[in-house]
Amino acid sequence: MRHWLFKSEPDSYSIQDLRRDGSTFWDGVRNYQARNFMRDDMRVGDPVLFYHSNTEPLGVAGIARVSREAYPDHTALDPASPYFDPKAGPDDPRWYMVDVEFVEAFPRVVPLDAIRAAPGLARMPLVNKSRLSVQPVAPEEFDAILALGRDGTG
DNA sequence: GCCAACGTTGGC
DNA sequence: GCCAACGTTGGC
């Protein structure tokens with residue numbers, strides 16, 4: 001089992017939205033590295049850190065879980081979608097998505113600053129490759145952030 | 001809202 | 001296949 005971190009702008013979709021919905025499809029990923037993680041490496045049950053970007057407070061807001069393995073992202077085929085990609089086709093989906101389900105929302109967001117400052121977490125792509133919107137997380141990194149989140153003192 | 005970093009595109 | 005131009009991301 002691998003661990004992951006997904007970024008989302010809460011103005012578009014927050015951990016509270018996921019709690020309300022129960023589960024959702026993670027559409028709109030248009031980066032090859034992120035796509036490959038989803039398409040090739042994600043399995044049902046993999047734990048996911050749900051990160052809020054471009055907002056205040058900035059940080060990990062809760063936990064989700066992969067609930068369906070990769071399948072074609074249909075928004076790439078929809079000319080009306082902001083995620084439309086003219087190079088995608090029914091026989092060449094090009095882009096993929098997974099489903100994720102809600103697990104828990106932290107009482108308080110674990111701030112990016114705290115993650116940067118925490119011993120052992122500074123090597124996360126979150127810290128030094130911030131533009132990668134879907135990224136792997138080491139089990140011990142996941143556990144450390146989970147502890148900070150449940151502690152609520154973030 | 002700005003802008004640095006960086007991934008992608010396309011002309012050559 | 002290089003690389004300049006361009007567009008997007010995301011922290012600030």
Side-chain angles (χ1 to χ4, degrees), chain A residues 2-21 24-42 46-66 70-100 102-138 141-142 144-149 151-154:
Chain A
R2 300 189 64 178
H3 298 69
W4 306 99
L5 181 144
F6 284 28
K7 294 189 170 193
S8 184
E9 300 194 18
D11 287 351
S12 310
Y13 200 83
S14 69
I15 189 77
Q16 288 77 23
D17 293 324
L18 184 59
R19 172 159 53 197
R20 179 199 62 216
D21 294 344
T24 193
F25 50 87
W26 207 259
D27 61 330
V29 171
R30 296 292 179 269
N31 169 281
Y32 290 105
Q33 203 180 353
R35 179 204 66 183
N36 293 348
F37 286 134
M38 291 200 300
R39 188 191 57 189
D40 304 335
D41 299 325
M42 286 189 195
D46 282 0
V48 172
L49 297 172
F50 196 110
Y51 178 87
H52 282 177
S53 66
N54 263 309
T55 189
E56 190 59 42
L58 193 63
V60 177
I63 305 293
R65 183 192 293 131
V66 175
Y71 58 106
D73 181 345
H74 57 80
T75 64
L77 303 176
D78 176 5
S81 168
Y83 302 129
F84 177 63
D85 181 351
K87 291 178 179 166
D91 45 346
D92 173 24
R94 197 176 177 103
W95 302 111
Y96 288 80
M97 58 190 182
V98 297
D99 288 359
V100 294
F102 178 78
V103 176
E104 68 180 89
F106 293 152
R108 279 203 280 160
V109 166
V110 177
L112 179 59
D113 286 348
I115 293 169
R116 275 211 191 92
L121 297 183
R123 291 173 58 196
M124 293 179 69
L126 180 66
V127 173
N128 52 40
K129 205 176 182 193
S130 68
R131 295 188 60 211
L132 187 60
S133 65
V134 169
Q135 52 183 263
V137 175
E141 294 167 344
F142 187 94
I145 290 171
L146 185 61
L148 289 171
D151 179 36
T153 59

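Residue numbers begin at 1 in each chain, while the letters A, B, ... track the order of the sequences.
Between B/dG10 and A/K87, a contact under 4.0 Å exists linking OP1 or OP2 to a side-chain N or O. Checking the phosphate oxygens (OP1, OP2) of C/dG11, a side-chain nitrogen or oxygen of A/K7 falls inside 4.0 Å. One finds no side-chain N or O of A/Y32 lying less than 4.0 angstrom from the OP1 or OP2 phosphate oxygen of B/dC6.
No salt bridge links A/R30 with A/D85; every basic N to acidic carboxylate O contact stays at or beyond 4.0 Å.
Separating the OH atom of A/Y51 from the P atom of C/dG10 is a distance of 9 Å, rounded to the nearest angstrom. In this entry the distance linking NE2 of A/H52 with P of C/dG10 reads 13 Å, nearest Å. Between the CD atom of A/E56 and the C1' atom of C/dG10 there is a distance of 13 Å, rounded to whole Å. Between A/E9 atom CD and C/dG11 atom C1' there is a gap of 11 Å when expressed in whole angstrom units. For A/I115 and C/dG10, the CD1 to P distance is 14 Å, given to the nearest whole Å. Atom-to-atom, CZ of A/R30 to C1' of B/dT9 comes out at 17 Å; the value is rounded to the nearest Å. The interatomic distance linking A/Q33 (CD) with B/dG7 (P) rounds to 7 Å, in whole Å. Atoms CG (A/L132) and P (B/dC6) sit 12 Å apart, rounded to a whole Å.
Of the listed nucleotides (B/dC6, B/dG7, C/dG11), B/dC6 has the atom at the smallest distance from the side chain of A/R131. If you check C/dG10, C/dC12, B/dG7 against the side chain of A/L112, the one that comes closest is C/dC12.
Of the options A/F37, A/W26, A/Y51, a ring pair (Phe, Tyr, Trp, His ring centres under 6.0 Å) to A/F6 is made by A/W26 and by none of the others.
The residue among A/N54 and A/N128 whose nearest nucleotide of DNA chain B is located toward the 5' end is A/N54.
Proximity of a side-chain donor or acceptor of A/D78 to a complementary backbone N or O of A/T75 within less than 3.5 Å is not detected.
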> Could you go step by step and tell me if A/V100 and A/F50 meet the side-chain contact (heavy atoms from CB on, under 4.5 Å) rule?
Replying inline: CA-CA 10 Å; A/V100 294; A/F50 196 110; 5.6 Å; no

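When every heavy atom of A/I145 is checked against every heavy atom of A/L121, the shortest pair comes out as CG1-CD1, 3.9 Å.
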